[in-house]
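Read the structure below first, then the notes.
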Amino acid sequence: MLEVTEKFRGAEIFVRCLKDEGVDYIFGYPGGAVLHIYDALYKQDAVKHILVRHEQGATHAADGYARATGRPGVVLVTSGPGVTNTITGIATAYMDSIPLVVFTGQVPTHLIGNDAFQEVDAIGITRPCVKHNFLVENVNDLASVIKKAFYIATTGRPGPVVVDIPKDVTADLAEYHYPETVEMRSYKPVTKGHPGQIKKAVALILAAKRAMIYTGGGIVLDNAAGELIEFTRHLGYPITNTLMGLGAYPGTDPQFIGMLGMHGTYEANMAMHHCDVLIAIGARFDDRVTGDLKHFCPEAKIVHIDVDPSSIAKNVPVAVPIVGGAGSVLRDLIKALHESGAKPDQGVLAAWWGQIKEWQSVDCLRYDRTTEVIKPQYVIEQLYELSGGDAYITSDVGQHQMWAAQFYKFDQPRRWINSGGLGTMGFGLPAALGVQVAFPDHLVACITGEASLVMCIQELSTCLQYGLPIKIINLNNRYMGMVRQWQEFFYDRRYSHSYMDALPDFIKLAESFGHVGMRIEKTGSVRPALKEALGMKERLVLMDFITDQTENVYPMIAAGKGHHEMHLSPERELA
Amino acid sequence: MRRIISILLENEAGALCRVAGLFSARAYNIESLTVAPTEDPSVSRLTLVTGGSDEIIEQITKQLNKLVDVIKLMDLSESQHIERELMLVKVSAAGTAREELKRLVDIFRGRIIDVTNTIYVIELTGTSEKLDAFVNGLDRKLIVEVVRSGVSGIARGEKSLRI
Ligand SMILES: Cc1ncc(C[n+]2csc(CCOP(=O)(O)OP(=O)(O)O)c2C)c(N)n1
C-alpha cells in the first residue's frame, strides 16, 4: 500500500522549526527573497515577529534579547541590502560571543552567481564575523541545517550563525522532521576541565599570597554566576570583572573591587599588577583589559579557564590552562577545594586586603559633586538609586558607557548589556528594544550619548509599535565625548570633527515618534525628572540630560601603558 | 620555523575558503596549500605549510581546530614524517642542451614525460628542498614554465591522521 506522508513548503518548514526550537520572538524586515516565509509567518501566531526599522536594529535587538535571556536571538532579513545591513550587528555579536541565528533570504538557486537583483554572496560576506554559516541548497536539508545552526550558536563558545536560504527552497515541498539531537564529527566542544589540571590549579590557588580573581563575559554566557560567588566567597580573595563580565559577581559585595582595564578602578588595576596568582575565568586578556603586555601582571602565575582553547595563552603565557565551561570547571574546583580541606593562610590574606584597602582609599571614582551643571556620573548614580539597582541597562559606546559601567552597580548577571568587543555605537537603543520585548514589565534603560543615540534612532518607531516603555538616558555633552577626551589628551586639544553640531531637539524628536521627551539642565532637577520618567510605566521617555561638556572619564590607563601607570583626574595625580 | 600541518576537513562548499580566510584575517602566512578528497569522498585532506614562532603555530592550530568544518588536524613537523612535492618543468631543449638536461634529470631521479624537437617536460617529486635544488641547477634561460603542487605529507610509522 502506498504510504501518504504530508509535505510542506520550505517556508512552512522554516516556521515549524522555529516553533519546535522554542523560539518565541524573531526580529526582522521583509523583502522579495523572504516573502514566502513572511506569508507562512502570517498564518500562525506561535512565533511572534518584531518589525524593526533597519536590519542593523534587528540584529542588535536579537542580540539584546539573547544577552538578557540567555536564549539565542533570531533574525530574519531579505537578500542583498537586507544582508549587508546586518553585518555590523553580526560582528558585534561575534566579538562578544553572543548566540544569534540570522536567517538571510537569497535569490533562487538557479540565479546564484548571476549578479541577480538583490544578490550578495551572504556566505562570503559574513564568513569572517560568524561562528559558522550555511547555504541551504535543498529543502530536504532545511530542518537539519536549522537544528545545527541553533546547536552551534548556543554551545561551546557561543556566537552568531548565518543560514542563507534561497527563495525557491522556501517554495519547494518536503516532509517535515525536526531532529532531536545533533551529531557533528567536526564540532565537539569540550565542556569538562581536565582533572589533572584542576588539581594543579587548586594547589596554586591555595598557595597564593596575593591572589586575584579576574572574570569576564564567559561567566555570564555559561550562567555560572552562582558557582563564581561560591568559589570566590570560599577563598575570600578579591575579584574584578571585565566590562563584559559585570554583574557576574555582585557589584555591591565587599570582595568586588571594581572593573579592571583602561577605565577600571585604581584598586583593581593595582591588585592585578601586584598579584602573585591570577585566576582568569571566561576572560580573554583583551588589550583594553591588559594595557601594555610588557607590564602585565609581572609577578603572577596565571590559571586560565576558558571554553575556547584559542583564547588560552593567546596574549599572555599561562601556568595552568584549563579548557572547559566556566560553570563545570568552577564546580570541579569548588569540589576539589572542599576535598582538600585547606584554606588560604588567613594572616597572609589579611595583609593583602590591607594593601587593597589602601588603594581603595584613593577613591578613584570621586568627582565634583558641587556643580550646578550636571555631572554625567551623578545621573547614573541617581538612576541606580531610583531603580533599586534592578534595571536592565543597555549602553552605546563612549564616555557614557564607561560611566555606566563604573557607577551602576550590577548585582546580577545579564543586566548590563553593551557592545564590549566591537564597540558599536548605535547598539544601545535596539538592544534595549530586544530586552524589553523579552521582559515587558521590567525597567529597561538605555544609557547613551547624543552621537550614539542617533545612529539607530529609527528604532523609536519600533518601540511605539510594540509599546516598549524604554527609558533613554541621553548624556548629552554636545561632543563625541570619548573622541574629544582623546583629542584633549593626545592631540593637544585639536577637536577635529568631534563637535556635535546641528543636533536635533530631542524633545521634539521623541514627540514626533509618539514618545515623551524631557530636557534636564540642572543638577537639582536630575532626581525629580528621573522619578517622573520612571513613573511613566507605559511610555518610552527620552531624557535629554545637558551635561558638563568637558568631563573626562577617570581613572585612565593611556594606550601602551601598564596597570600600575593609571591617571586619576589631573587635580589629583598620584605621586 | 617552517611547519607542515595536515587537516581533515568536511568536503563541503566553502570549507577551503574558511581555512584560507582564517590565514588572511589573522595575518598568518601560507607557504603552500594542497587539498583533495580522501578515500572517503565526504572528507578532504589538506596539507598546509606555514611558519612562525611556537606561539603563533599554537594559535594557528587552535584557530584551525575552532573552524566548524575542521574534523581533525596534526602538526606533521612535530614528529618523523615524509613530505613530497610534485613539480612539472617545461624547458627549451634544443641542440647540446638536450644531453645536459637529460643528465640533470637522471641525477635528480626525475622523468622526461613529454618531448618535442625543442621542448622537454620534466616530472620530479621529492622534498621541496630537492625541487629547489633542481630548479637552481637549471640554466635559467631554458626554463619556460614551472608548476609545483605544494607539499603533501604523511607521518612515519604507526602514527596516522584519520577519523
Ligand atoms: C559605529 C562607530 N563609529 C565610530 C566609533 C568611534 N567612537 C567611539 S566613542 C565615539 C563618540 C561617542 O560619542 P557619544 O555617543 O556622544 O558618547 P560620549 O562619549 O559623548 O559619552 C566614537 C565616535 C564607534 N565606536 N562606533
Side-chain angles (χ1 to χ4, degrees), chain A residues 91 94-95 97 109 112-113 121-138 141 145 148-149 151-153 155-164 182-190 284-285 293 304 306-318 321 323, chain B residues 1 3 5-28 30 33 35 37-46 48 50 52-75 78 160-163:
Chain A
Y94 183 63
M95 285 295 274
S97 309
T109 341
I112 290 181
D121 174 9
I123 297 299
I125 209 167
T126 59
R127 189 184 301 114
C129 59
V130 294
K131 184 169 172 186
H132 198 60
N133 55 22
F134 294 96
L135 169 66
V136 183
E137 286 171 284
N138 187 314
D141 300 334
V145 167
K148 276 185 194 165
Y151 176 68
I152 292 170
T155 50
R157 180 178 179 172
V161 175
V162 164
V163 181
D164 197 31
V182 177
E183 179 58 35
M184 292 175 74
R185 62 183 173 187
S186 64
Y187 176 73
K188 298 192 187 302
V190 176
R284 61 187 176 91
F285 296 82
L293 286 171
H304 190 181
D306 206 290
V307 73
D308 176 3
S310 74
S311 281
I312 299 178
K314 182 169 78 174
N315 298 334
V316 296
V318 170
V323 177
Chain B
M1 214 188 86
R3 299 291 189 110
I5 300 171
S6 271
I7 305 166
L8 295 178
L9 192 68
E10 292 291 353
N11 186 8
E12 268 172 24
L16 182 59
C17 276
R18 291 183 212 280
V19 174
L22 172 72
F23 275 71
S24 66
R26 295 191 180 263
Y28 305 141
I30 300 184
L33 189 156
V35 60
T38 61
E39 79 283 6
D40 171 354
S42 72
V43 180
S44 294
R45 179 150 172 159
L46 200 145
L48 205 146
T50 180
S53 62
D54 288 352
E55 293 77 44
I56 289 180
I57 298 298
E58 185 181 330
Q59 263 303 304
I60 289 177
T61 53
K62 283 174 168 177
Q63 293 291 348
L64 282 168
N65 263 317
K66 212 166 116 176
L67 294 176
V68 170
D69 284 334
V70 168
I71 304 167
K72 241 183 189 180
L73 63 80
M74 187 171 170
D75 182 347
E78 271 178 352
S160 66
L161 176 66
R162 46 186 295 164
I163 299 169

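Naming: A, B, ... by sequence-line order, numbering from 1 per chain.
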Please determine, among B/S24, B/G21, B/C17, the option with the most heavy-atom pairs under 4.5 Å with chain A.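 Counting heavy-atom pairs under 4.5 Å, the top option is B/C17.
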Are there residues of residues 128-138 of chain A that reach to under 4.5 Å of chain B by heavy atoms, and which ones?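 The list, in residue order, reads A/K131, A/H132, A/N133.
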Suppose we screen for side chain to side chain contact (heavy atoms under 4.5 Å, CB included). Which residues come up paired with B/L46, at least two apart in sequence or across chains?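 Residues passing side chain to side chain contact (heavy atoms under 4.5 Å, CB included) with B/L46: B/I7, B/L9, B/L16, B/V19, B/L33, B/V35, B/L48.
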Go through the atoms of [X] and report whether side chain, backbone, both or neither lie under 4.5 Å from a heavy atom of chain A.
X: B/L22; answer: neither
X: B/Q59; answer: side chain
X: B/V70; answer: backbone

Considering only heavy atoms from C-beta outward, does the side chain of B/E12 approach that of A/S186 to under 4.5 Å?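 No, every pair of side-chain atoms sits at 4.5 Å or beyond.
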Would you say that A/K314 contacts B/K62 through its side chain, given a criterion of any heavy-atom pair below 4.5 Å between the two side chains?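 Of all side-chain heavy-atom pairs linking B/K62 with A/K314, none is under 4.5 Å.
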Quick one: what part of A/R127 sits under 4.5 Å from any heavy atom of chain B, side chain, backbone, both or neither?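 Contact with chain B: side chain only.
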At what distance, to the nearest 0.5 angstrom, does CD of B/Q63 lie from CG of A/D308?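 Going from CD on B/Q63 over to CG on A/D308, the span is 7.0 Å.
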Rounded to the nearest 0.5 Å, how far apart are NZ of A/K188 and CG of B/N65?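 Reported to 0.5 Å precision, the distance equals 13.5 Å.
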Please report the closest heavy-atom contact between B/V43 and A/R185, naming both atoms and the distance.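 Minimum heavy-atom contact is CG2-NH2, 3.5 Å.
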A/M184 and B/V68: which non-hydrogen atoms are nearest, and at how many Å?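 Closest heavy-atom pair between A/M184 and B/V68: CE-CG1, 3.7 Å.
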